Asker: 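First, the structure itself, so that you have it in front of you.
Here the structure is a predicted model, which means the values were calculated and not measured.
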Amino acid sequence: MQKIVVDTNVFVSALIQNSFPRKIVYDLLLEKKVVLCLSLPLLYEYIEVLCREKFCKYRDFFLRAESIISFVKKEALMYSPKIKLDVISDKDDNKILELADESNADFIVTGNTNDFTLPQYKNTKILIPRDYWLLFHER
């Protein structure tokens with residue numbers, strides 16, 4: 001089964017619009033068709049971002065976010081990266097590469113094309129949600 005690291009922006013997008021991020025979260029992650037890789041720093045980021053007050057304008061956002069966070073805590077494979085990287089200009093996003101490295105993830109799924117400009121980090125391919133969704137369904 002594929003192991004993936006999901007950037008926080010994918011969860012946000014999944015909760016506010018009907019798009020590829022939503023398909024990935026609801027049709028792949030929640031249906032356990034892929035394995036989500038997680039570290040404590042990334043979990044803390046998920047919680048902090050998904051609890052931001054600015055999202056209250058979206059219907060049932062917090063209820064659905066709470067459900068996703070609960071699923072992630074229960075079902076994701078937890079890793080403790082042992083390396084510190086300085087590859088991405090947004091220093092906070094290096095934790096995603098660190099997790100991918102530690103977990104030997106197959107993919108990083110992110111909508112952040114400004115900071116994740118590499119097509120791959122070591123053996124982990126970096127894809128936007130649309131490309132990941134289409135690639136997943138090609139196999």
Asker: Name the atoms and distances for all side-chain donor-acceptor pairs under 3.5 Å in residues 19-26, with sequence neighbours left out.
Answerer:
unit_1: Arg22; atom_1: NE; unit_2: Ala14; atom_2: O; d: 2.9
unit_1: Arg22; atom_1: NE; unit_2: Gln17; atom_2: O; d: 3.4
unit_1: Arg22; atom_1: NH2; unit_2: Ala14; atom_2: O; d: 3.2

Asker: Which pair of non-hydrogen atoms, one from Asn94 and one from Ile88, has the smallest distance, and what is that distance?
Answerer: OD1-N, 2.9 Å
Asker: Just verifying a value: how many Å separate Glu102 CD and Met78 CE, rounded to the nearest 0.5 Å?
Answerer: 12.5 Å
Asker: Hey, any chance Ile68 and Leu28 share a hydrophobic cluster, counting ILVMFWY side chains that come within less than 4.5 Å of each other, even indirectly?
Answerer: yes
Asker: Do Ile4 and Phe71 sit in the same hydrophobic cluster, where Ile, Leu, Val, Met, Phe, Trp and Tyr count as joined when their side-chain heavy atoms come under 4.5 Å apart?
Answerer: yes
Asker: Under a 3.5 Å distance rule, please check whether Arg64 uses its side chain to pair with a backbone N or O of Arg59 as donor and acceptor.
Answerer: yes
Asker: Looking at SG of Cys51 and CZ of Phe62, how far apart are the two atoms once the value is rounded to the nearest 0.5 Å?
Answerer: 7.0 Å
Asker: Measure the CD1-CZ distance between Ile126 and Phe107 for me, rounded to the nearest 0.5 Å.
Answerer: 11.5 Å
Asker: Do the non-hydrogen side-chain atoms of Trp133 and Leu127 ever get within less than 4.5 Å of each other?
Answerer: no
Asker: If you draw a 6.0 Å radius around CG in Asp60, do more than 12 non-hydrogen atoms from other residues or ligands fall strictly inside?
Answerer: yes
Asker: Which is it for Lys91 and Asp86 under the salt bridge (charged side-chain N to carboxylate O under 4.0 Å, His left out) test, yes or no, and what are the steps along the way?
Answerer: CA-CA 7 Å; Lys91 303 299 180 203; Asp86 188 15; 2.5 Å; yes
Asker: So if I apply the side chain to side chain contact (heavy atoms under 4.5 Å, CB included) rule between Pro129 and each of Asp7, Thr110, Val109, which one comes out positive?
Answerer: Val109
Asker: Rounded at 0.5 Å granularity, tell me how far OG1 in Thr124 sits from CG in Leu118.
Answerer: 11.5 Å
Asker: Given 3.5 Å as the limit, does a donor-acceptor pair link the side chain of Ser13 with the main chain of Asn9, or not?
Answerer: yes
Asker: Check whether any side-chain heavy atom of Asp106 sits under 4.5 Å from a side-chain heavy atom of Val34, and report yes or no.
Answerer: no
Asker: Looking only at non-hydrogen atoms, find the nearest pair between Glu98 and Lys84 and report the distance.
Answerer: OE2-CA, 3.3 Å
Asker: Any side-chain heavy atom of Leu97 sitting closer than 4.5 Å to one from Phe116?
Answerer: yes
Asker: So, do Tyr58 and Leu15 sit near enough that their side-chain heavy atoms are less than 4.5 Å apart?
Answerer: no
Asker: Work out which heavy atom in Thr117 is nearest to a heavy atom in Asn114; give both atom names and the distance.
Answerer: CG2-O, 3.5 Å
Asker: Could you give all pairs that pass the ring pair (Phe, Tyr, Trp, His ring centres under 6.0 Å) test and reach residues 79-105, with sequence neighbours left out?
Answerer: none
Asker: Which pair of non-hydrogen atoms, one from Val49 and one from Phe55, has the smallest distance, and what is that distance?
Answerer: O-CE1, 3.2 Å
Asker: Identify the heavy atoms of Gln120 and Lys125 that sit nearest to each other, and give their distance.
Answerer: OE1-CG, 3.9 Å
Asker: Begin from the C-alpha positions of Phe136 and Asp27 and carry the test side-chain contact (heavy atoms from CB on, under 4.5 Å) through to its verdict.
Answerer: CA-CA 11 Å; Phe136 184 88; Asp27 297 348; over 6 Å; no
Asker: Under a single-linkage definition using a 4.5 Å side-chain heavy-atom cutoff for Ile, Leu, Val, Met, Phe, Trp and Tyr, are Leu63 and Ile69 assigned to the same hydrophobic cluster?
Answerer: no
Asker: Once rounded to the nearest 0.5 Å, what's the spacing between atom CD of Gln2 and atom NZ of Lys33?
Answerer: 12.5 Å
Asker: How far apart are the closest heavy atoms of Gly111 and Val10, and which atoms are they?
Answerer: N-CG2, 4.1 Å
Asker: Please table the atom pairs, donor to acceptor, closer than 3.5 Å between any side-chain atom in residues 35-47 and protein atoms at least two apart or in another chain.
Answerer:
unit_1: Ser39; atom_1: OG; unit_2: Leu42; atom_2: N; d: 3.4
unit_1: Glu45; atom_1: OE1; unit_2: Lys95; atom_2: NZ; d: 2.7
unit_1: Glu45; atom_1: OE2; unit_2: Thr8; atom_2: OG1; d: 2.5
unit_1: Tyr46; atom_1: OH; unit_2: Val6; atom_2: O; d: 2.5

